[in-house]
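Start at 1 and go down the list; that is how both ligands and their atoms are numbered.
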Amino acid sequence: MATEARDPIPPFPAGFLWGVSTSAHQIEGAADLRTPSVWDTFTAGPGRVKDGSTAAVACDHYHRYREDVALLAGLGVDAYRFSVSWPRVLADGGLGFYDRLVDELCAAGIRPVPTLFHWDLPAGLDWLERDTAARFAEHVSVVAGRLGDRVDKWITLNEPAEHTLLGHALGVHAPGRQLLFDALPVAHHQLLAHGLAVRALRAAGAADIGIANSHGPTWPASKEQADVEAADLYDLLLNRLFADPLLLGAYPDGLGELMPGDVPADLKIISEPLDWYGVNYYAPARVGAPQGTETSFGGVRMPAELPFSLREIEGVPTTAFGWPVVPEGLTELLTGFHDRYGDRLPPVVVTENGCSYDGLDDQARITYLDGHLRALHRAVEAGVDVRGYFVWSLLDNFEWAEGYTQRFGLVHVDPETQERTPKASYTWFADMLGQQRL
Ligand code: IFM
């Protein structure tokens with residue numbers, strides 16, 4: 001596997017945190033050693049997952065975590081972002097797995113960065129219920145009480161926007177609800193859960209707390225007013241609905257009136273100051289006025305009732321998933337956040353960035369990562385305080401409704417044998433890290 005010679009990526013600031021990310025449901029397997037989650041219930045239904053698969057075994061990381069930590073050590077990362085499965089914590093002895101994983105990481109000199117919720121809600125709980133936020137804070141206290149002696153960097157939630165949109169508005173992810181705008185309380189309750197989790201973590205002594213939110217620039221499909229308005233609405237939902245309450249303590253554009261409960265009191269909890277702000281970036285969106293019919297975008301059914309439609313971005317390469325590859329979107333996103341939030345934006349960490357491609361000689365992934373790191377560096381040069389970057393993902397894994405058909409890993413995993421094989425991108429990333437440390 002010969003990789004094209006490229007100019008070195010410019011050096012990032014001293015102390016920059018380099019890592020890779022995964023999540024529990026997507027890699028752990030060992031479904032018999034956890035209580036069921038909404039994803040187990042969802043995938044048991046017919047036609048929910050493209051290849052008919054489930055995450056019952058996934059990458060069998062639960063049993064192979066030592067081998068996976070050795071892969072992380074070989075890569076040379078500073079940190080590993082994984083998620084703690086709430087349904088596993090509820091099972092007898094479930095927290096013991098994270099004890100062992102954290103110990104293994106610490107022994108390898110890799111900083112553990114747990115995410116406390118990455119979509120695998122225990123079956124029976126429901127984000128439409130306010131009480132789920134309080135239950136989450138209890139879960140966080142339990143986890144922090146057990147791991148807090150070795151973990152100092154925490155992530156509360158992963159991508160509450162996607163969990164709301166895909167899981168509760170469109171129904172293509174668990175729990176499979178199709179509530180469209182009636183899903184807004186799910187957003188509010190996750191934000192409340194985040195704020196309560198920040199308080200629980202601080203009470204347990206944590207002082208390095210962030211969230212992983214997905215964002216991307218939103219481009220109107222044309223200069224027509226209808227397209228511009230549709231793009232503004234999409235931008236509001238993706239880029240401001242979750243960031244404004246966290247960073248400004250207010251919902252944007254009257255959205256607070258649509259939220260349940262004592263919203264002003266909740267906003268005080270939601271806007272507990274963060275130590276850093278995590279951004280998951282994959283691609284920008286080109287958005288136009290509704291087209292009056294049901295459409296499909298990136299494999300997701302978009303009902304005709306939506307007040308916007310997603311359009312192709314022409315003239316750019318796409319990943320195996322069909323997602324556009326636009327590295328400069330990352331610069332635009334981060335400089336835009338820097339301008340919009342000013343001093344209210346804490347240091348930024350890119351908590352996910354990556355792409356799906358097939359094959360071991362994944363030169364297209366190298367091109368993607370190389371381009372995005374240069375784009376990230378331009379954001380640093382433009383004055384954005386960026387402190388870290390995590391590739392999604394270490395392993396090919398269970399890509400939700402796409403099953404095992406989309407491969408985001410630096411390491412190939414054979415779903416039959418579980419054999420791990422580092423791809424060309426693994427070697428490239430390890431070399432890049434070596435250069436950064438010269
Ligand atoms: O696999 C997901 C991850 O769970 C959340 N962020 C996006 C990734 C790729 O779709």
Q: Can a donor-acceptor pair be found, under 3.5 Å and without considering hydrogens, that links the side chain of R407 to the backbone of T405?
A: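 It does not hold such a pair.
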
Q: Does Y281 come within less than 4.0 angstrom of ligand 1, counting non-hydrogen atoms of the residue?
A: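 Contact absent.
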
Q: Would you say D232's side chain and A230's backbone share a donor-acceptor pair under 3.5 angstrom?
A: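 Side chain of D232 to backbone of A230, a donor-acceptor pair under 3.5 Å: no, none is there.
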
Q: State plainly whether the residues R6 and D431 are in salt-bridge range, i.e. N to O under 4.0 Å.
A: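 No, no charged N to carboxylate O under 4.0 Å.
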
Q: Give the contacting part of E399 toward ligand 1: side chain, backbone, both or neither, where contact means a heavy-atom distance below 4.0 Å.
A: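 The side chain, only.
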
Q: Report yes if W119 has an N/O atom closer than 3.5 Å to an N/O atom of ligand 1; otherwise report no.
A: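 In this structure, W119 places no N or O atom under 3.5 Å from an N or O of ligand 1.
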
Q: So, regarding E159 and ligand 1 (criterion: nitrogen or oxygen to nitrogen or oxygen, under 3.5 Å), is there a contact or not?
A: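 In this structure, E159 places an N or O atom under 3.5 Å from an N or O of ligand 1.
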
Q: What protein heavy atom sits nearest atom 8 (C) of ligand 1, and how far off is it?
A: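 Ranking protein heavy atoms by distance from atom 8 (C) of ligand 1, first comes Y282 OH, 3.4 Å.
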
Q: Can you tell whether the side chains of D78 and R111 come within less than 4.0 Å, N to carboxylate O?
A: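 No, this pair does not count.
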
Q: Using a plain distance cutoff, I'd like to know if S23 has any nitrogen or oxygen under 3.5 Å from a nitrogen or oxygen of ligand 1.
A: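 No; the residue has no nitrogen or oxygen that sits under 3.5 Å from a nitrogen or oxygen of the ligand.
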
Q: Determine whether the side chain, the backbone, both or neither of F398 has a heavy atom under 4.0 Å from any heavy atom of ligand 1.
A: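 Neither; nothing of F398 gets under 4.0 Å from ligand 1.
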
Q: Counting from 1, what ligand 1 atoms have a heavy atom of E352 closer than 4.0 Å?
A: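 Those of ligand 1 that fall under 4.0 Å from E352 are 3 (C), 5 (C), 6 (N), 7 (C), 8 (C).
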
Q: Is it true that D68 and R64 make a salt bridge, defined as a side-chain N closer than 4.0 Å to a carboxylate O?
A: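 Salt bridge absent between D68 and R64.
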
Q: Is R420 salt-bridged to D414, cutoff N-O under 4.0 Å?
A: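 The answer is no: the pair does not qualify as a salt bridge.
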
Q: Is there a nitrogen or oxygen of N280 sitting under 3.5 Å from a nitrogen or oxygen of ligand 1?
A: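 No - when backbone and side-chain N and O of N280 are compared with those of ligand 1, no distance drops under 3.5 Å.
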
Q: Please classify the E162 to ligand 1 contact at 4.0 Å (heavy-atom distances, strictly less than): side chain, backbone, both or neither.
A: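 No part of E162 comes within reach of ligand 1.
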
Q: Under 3.5 Å, side chain of S21 to main-chain N/O of T351, donor-acceptor pair present?
A: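 Between the backbone of T351 and the side chain of S21 there is a qualifying donor-acceptor contact (under 3.5 Å).
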
Q: Mark up the atoms of ligand 1 that fall under 4.0 Å of a heavy atom belonging to H118, in ascending order.
A: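 Close to H118: 3 (C), 4 (O), 5 (C).
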
Q: Can you tell me how far apart NE2 (H163) and NE2 (H173) are? Round to the nearest 0.5 Å.
A: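 With rounding to 0.5 Å, NE2 (H163) is 10.0 Å from NE2 (H173).
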
